[in-house]
Visitor: 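Take this structure, written in structure tokens, and hold onto it; I'll ask about it next.
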Amino acid sequence: MEIDLAFIWAAIIAFAVLAYVILDGFDLGVGILFPLFPDKRDKDVMMNSVAPVWDGNETWLVLGGGGLLAVFPLAYATILPALYAPIIAMLLGLIFRGVAFEYRWRSRRAEGLWNWAFTGGSAVAAFAQGVALGALVQGIPVENRAYAGGWWDWLTPFSVATGFAVLVGYALLGATWLVMKTTGDLAHRARHYAYLSGVATLLAMGSVSLWTPFLEPLYLERWFSWPTAAFSVIVPLLVAGCFLTLVHGLRTLHDTRPFIASLGLFVLGYAGIGISFYPYIVPTSVTIWDAAAPDESLAFLLVGAAVLVPLILAYTTYAYWVFRGKVDPEEGYH
């Protein structure tokens, strides 16, 4: 039986992107919520809660982007020109946010400036990721194996809606992360913001989900034709279950359950996107097999991935284990 290397690599890249979204999502969410906590001590604790892991979280973004270039060069050459503007905005946001981690602690006179760099960088990166996702889902025109659209094709009402959906979703991840990692008044206020962002996330997911099937005939067929129509019932039920778990965890003052439920919402949303346009990697123009590099290249790179991915997983797991538990306001990472 022949091994489908293109499918294996599609699964690896899909996993890397999902890992980035759920891991970097909560620390971007902490930055988005930063202005809602005016007390400097609270800000210090919030930043210290993600300082040990934020840079490791972004490793998955590098793996996903680099992997796309190496194993699906046609998809990379098609998607990048279509999404230059939101991707550049995302990278600039991540740069300002990353610099703020260090400069905020060293430049006391400009601390307010770096607070806003942390917030602005987080919000811009989150919104740009959502816009890029929306632009990808709504379809990218391809002719003669090249992008055939214009500079502003990524900017549509749907992509703006997905941008705001990702923004409030990351805020939910950040709020539930703070519930899990902090104590006292900070955790209490984070719980309040988790309620608000949880409701906003559910409404945003519902709006985008109802909108998506009508973007392309393929999506409409997937969600309303048997047997894939079964997911139209299963996924919303699971989303409702995660939301109820989130609310129950917040009401019972549980530390970890709201965060896990929030991750569940993102995993289900990601699965819904995958169901919509598989096997296309550039919806609805290029399949994963059309875009794949030669099998020899895929096999060679797979050997490296077999070593690299477990190492990244091991390092990530170890980092979260070492820095587990509540953040001590008197100590901190810096």
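In this chain, residues are counted from 1 in sequence order.
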Visitor: Just checking, any donor-acceptor pair under 3.5 angstrom between side chains of Trp289 and Asp4?
Guide: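 Result is yes, a qualifying pair exists.
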Visitor: Given side chains that start at C-beta, do those of Ile260 and Thr176 come closer than 4.5 Å, heavy atoms only?
Guide: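 A side-chain contact is absent here, since even the closest heavy-atom pair is not under 4.5 Å.
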Visitor: With heavy-atom distances below 4.5 Å as the criterion, would you say the side chains of Ile281 and Leu68 are in contact?
Guide: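 In contact.
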Visitor: Is the distance between the ring centroids of Tyr193 and Phe37 less than 6.0 Å?
Guide: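 Aromatic pair counts; centres sit under 6.0 Å.
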Visitor: Would you check if Leu178 and Val45 make a side-chain contact, meaning some heavy-atom pair closer than 4.5 Å?
Guide: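 Side-chain contact under 4.5 Å: no.
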Visitor: Is the closest side-chain heavy-atom distance between Leu28 and Arg97 below 4.5 Å?
Guide: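 Contact flag for Leu28/Arg97 side chains = yes.
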Visitor: Can you hop from Val166 to Val17 via hydrophobic side chains spaced under 4.5 Å?
Guide: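 The answer is yes; both residues are in one hydrophobic cluster.
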Visitor: Do NZ/NE/NH1/NH2 and the carboxylate oxygens of Arg41 and Asp185 come within less than 4.0 Å?
Guide: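 Salt bridge: no.
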Visitor: Do Leu253 and Leu246 sit in one hydrophobic cluster, given that two such residues count as connected whenever their side-chain heavy atoms are within less than 4.5 Å of each other, even indirectly?
Guide: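 Not linked; separate clusters.
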Visitor: Using a 3.5 Å distance criterion without hydrogens, assess whether the side chain of Arg189 forms a donor-acceptor pair with backbone atoms of Leu36.
Guide: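 Yes; judged by distance alone, with no hydrogens or angles, the pair exists.
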Visitor: Begin from the C-alpha positions of Val309 and Ile312 and carry the test side-chain contact (heavy atoms from CB on, under 4.5 Å) through to its verdict.
Guide: CA-CA 5 Å; Val309 173; Ile312 298 174; 5.6 Å; no
Visitor: Only one of Met47, Met46, Lys43 clears side-chain contact (heavy atoms from CB on, under 4.5 Å) with Val30; which?
Guide: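 With Val30 as partner, side-chain contact (heavy atoms from CB on, under 4.5 Å) holds for just one option, Met46.
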Visitor: Can we call the ring centroids of Phe266 and Tyr170 under 6.0 Å apart?
Guide: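 Close enough - the centres of the two rings lie under 6.0 Å apart.
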Visitor: Do the side chains of Phe164 and Leu210 join up, straight or via other hydrophobic residues, at under 4.5 Å, putting them in one cluster?
Guide: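 Hydrophobic grouping puts Phe164 apart from Leu210.
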Visitor: Please tell me whether Trp114 and Trp116 form a close aromatic pair, meaning their ring centres lie under 6.0 Å apart.
Guide: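 No, they do not, as the ring centres are separated by 6.0 Å or more.
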Visitor: Would you say that Arg257 contacts Thr252 through its side chain, given a criterion of any heavy-atom pair below 4.5 Å between the two side chains?
Guide: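 In short, these two side chains touch, coming nearer than 4.5 Å.
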Visitor: Could you give the distance from CG (Leu301) to CD1 (Ile12), rounded to the nearest 0.5 Å?
Guide: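 These two atoms lie 9.5 Å from each other.
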Visitor: Are Phe158 and Trp211 close enough that their ring centers fall under 6.0 Å?
Guide: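 Ring centroids of Phe158 and Trp211 are less than 6.0 Å from each other.
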Visitor: Looking at Phe118 and Ser122, what are the two nearest heavy atoms and their distance?
Guide: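 Heavy atoms only, the tightest pair is O-OG, 2.7 Å.
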Visitor: Is there a path of hydrophobic side-chain contacts, each under 4.5 Å between heavy atoms, that joins Leu83 and Val62?
Guide: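 Not linked; separate clusters.
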Visitor: Give a yes or no on whether the ring-centroid distance for Phe26 and Phe259 is below 6.0 angstrom.
Guide: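 Ring-ring flag for Phe26/Phe259: true, centres closer than 6.0 Å.
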Visitor: I need the Leu238 CG to Leu265 CG distance, nearest 0.5 Å.
Guide: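 Interatomic distance, Leu238 CG to Leu265 CG, rounded to 0.5 Å: 10.5 Å.
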Visitor: So which heavy atom on Ala6 is nearest to which on Ala292, and how close?
Guide: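 Where Ala6 meets Ala292 most closely, the heavy atoms are CB-CB, 3.9 Å.
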Visitor: Can a donor-acceptor pair be found, under 3.5 Å and without considering hydrogens, that links the side chain of Asp24 to the backbone of Asn57?
Guide: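 No; zero donor-acceptor contacts below 3.5 Å.
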Visitor: Please confirm whether the backbone N or O of Val137 pairs with a side-chain atom of Tyr219, one donor and one acceptor, at under 3.5 Å?
Guide: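 Yes; judged by distance alone, with no hydrogens or angles, the pair exists.
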Visitor: Does a side-chain heavy-atom distance below 4.5 Å link Leu244 with Val247?
Guide: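 The answer is no, as the side chains (C-beta and beyond) never meet within the 4.5 Å cut-off.
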Visitor: State plainly whether one hydrophobic cluster holds both Ile275 and Val233, where clusters connect Ile, Leu, Val, Met, Phe, Trp and Tyr through side-chain heavy atoms under 4.5 angstrom apart.
Guide: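 Hydrophobic grouping puts Ile275 apart from Val233.
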Visitor: Should we say atom CZ of Phe96 is surrounded by more than 12 heavy atoms from elsewhere, each under 6.0 Å from it?
Guide: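 Not buried by this count: 12 neighbours or fewer within 6.0 Å.
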Visitor: Answer with yes or no after comparing the ring centroid distance for Phe15 and Trp60 against a 6.0 Å cut-off, counting only values under it.
Guide: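 Ring-ring flag for Phe15/Trp60: true, centres closer than 6.0 Å.
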Visitor: Tell me whether the count of non-hydrogen atoms from other residues, nucleotides or ligands lying under 6.0 Å of OH in Tyr315 goes above 12.
Guide: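 Open.
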Visitor: Are the side chain of Ser285 and the backbone of Ile140 linked by a donor-acceptor contact shorter than 3.5 Å?
Guide: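 Yes: the side chain of Ser285 pairs with the backbone of Ile140.
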Visitor: Do Tyr84 and Trp154 touch side chain to side chain, with heavy atoms closer than 4.5 Å?
Guide: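 The answer is no, as the side chains (C-beta and beyond) never meet within the 4.5 Å cut-off.
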Visitor: For the backbone of Thr182 and the side chain of Lys326, can you confirm whether one donor and one acceptor N or O come within less than 3.5 Å of each other?
Guide: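 Pair found, side chain donor or acceptor close to backbone of Thr182.
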Visitor: Under a 3.5 Å distance rule, please check whether Thr212 uses its side chain to pair with a backbone N or O of Val208 as donor and acceptor.
Guide: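 Looks like yes, one N/O pair under 3.5 Å.
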Visitor: Working to the nearest 0.5 Å, report the span between OH of Tyr76 and CG of Leu69.
Guide: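 The distance works out to 5.0 Å.
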Visitor: Using the side-chain contact (heavy atoms from CB on, under 4.5 Å) rule, take Leu61 and Leu94 through it: C-alpha gap first, then chi angles, then the decisive distance, then the call.
Guide: CA-CA 11 Å; Leu61 179 62; Leu94 292 176; 3.8 Å; yes
Visitor: Does atom CZ of Phe231 have more than 12 heavy-atom neighbours from other groups under 6.0 Å away?
Guide: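 Counting neighbours around CZ of Phe231, 12 or fewer heavy atoms of other residues, nucleotides or ligands fall under 6.0 Å, so no.
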Visitor: Is it the case that over 12 heavy atoms from other parts of the model lie below 6.0 angstrom from the OH atom of Tyr278?
Guide: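 Check passes, neighbour count above 12.
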Visitor: I'd like to know if the side chain of Arg324 and the backbone of Trp321 have a donor-acceptor N/O pair within less than 3.5 Å.
Guide: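 Yes, the answer is positive, given that a donor and an acceptor are paired below the 3.5 Å cut-off.
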Visitor: Within the structure provided, determine whether Trp223 and Ser276 are in side-chain contact (heavy-atom separation under 4.5 Å).
Guide: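 SC-SC contact between Trp223 and Ser276 confirmed.
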Visitor: Give a yes or no answer on whether the side chain of Thr162 reaches the backbone of Gly130 with a donor-acceptor pair at less than 3.5 Å.
Guide: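 The answer is yes, because a donor-acceptor pair under 3.5 Å joins these two groups.
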Visitor: Out of curiosity, Met90 CE to Gln129 CD, how far, rounded to the nearest 0.5 Å?
Guide: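 Between atom CE of Met90 and atom CD of Gln129 there are 5.5 Å.
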Visitor: With rounding to the nearest 0.5 Å, note down the distance linking CG in Leu18 to OH in Tyr270.
Guide: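 Reported value, rounded in 0.5 Å steps: 5.5 Å.
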Visitor: Under a 3.5 Å distance rule, please check whether Tyr20 uses its side chain to pair with a backbone N or O of Leu63 as donor and acceptor.
Guide: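 No: the side chain of Tyr20 does not pair with the backbone of Leu63.
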Visitor: Going through the distances and angles, do Ile32 and Thr119 end up as a side-chain contact (heavy atoms from CB on, under 4.5 Å)?
Guide: CA-CA 5 Å; Ile32 292 166; Thr119 297; over 6 Å; no
Visitor: Using a distance-only test with no angle check, is there a side-chain donor-acceptor pair under 3.5 angstrom linking Ser159 and Gln138?
Guide: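 No pair is found: no donor N or O on one side chain lies under 3.5 Å from an acceptor on the other.
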Visitor: Between OH of Tyr195 and CG of Leu250, what distance do you get to the nearest 0.5 Å?
Guide: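 Rounded to the nearest 0.5 Å, the OH-CG separation comes out at 5.0 Å.
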Visitor: Take Val53 and Thr316 through the side-chain contact (heavy atoms from CB on, under 4.5 Å) test and state the conclusion after the steps.
Guide: CA-CA 8 Å; Val53 295; Thr316 302; over 6 Å; no
Visitor: Under 3.5 Å, side chain of Thr201 to main-chain N/O of Val168, donor-acceptor pair present?
Guide: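 Yes, the answer is positive, given that a donor and an acceptor are paired below the 3.5 Å cut-off.
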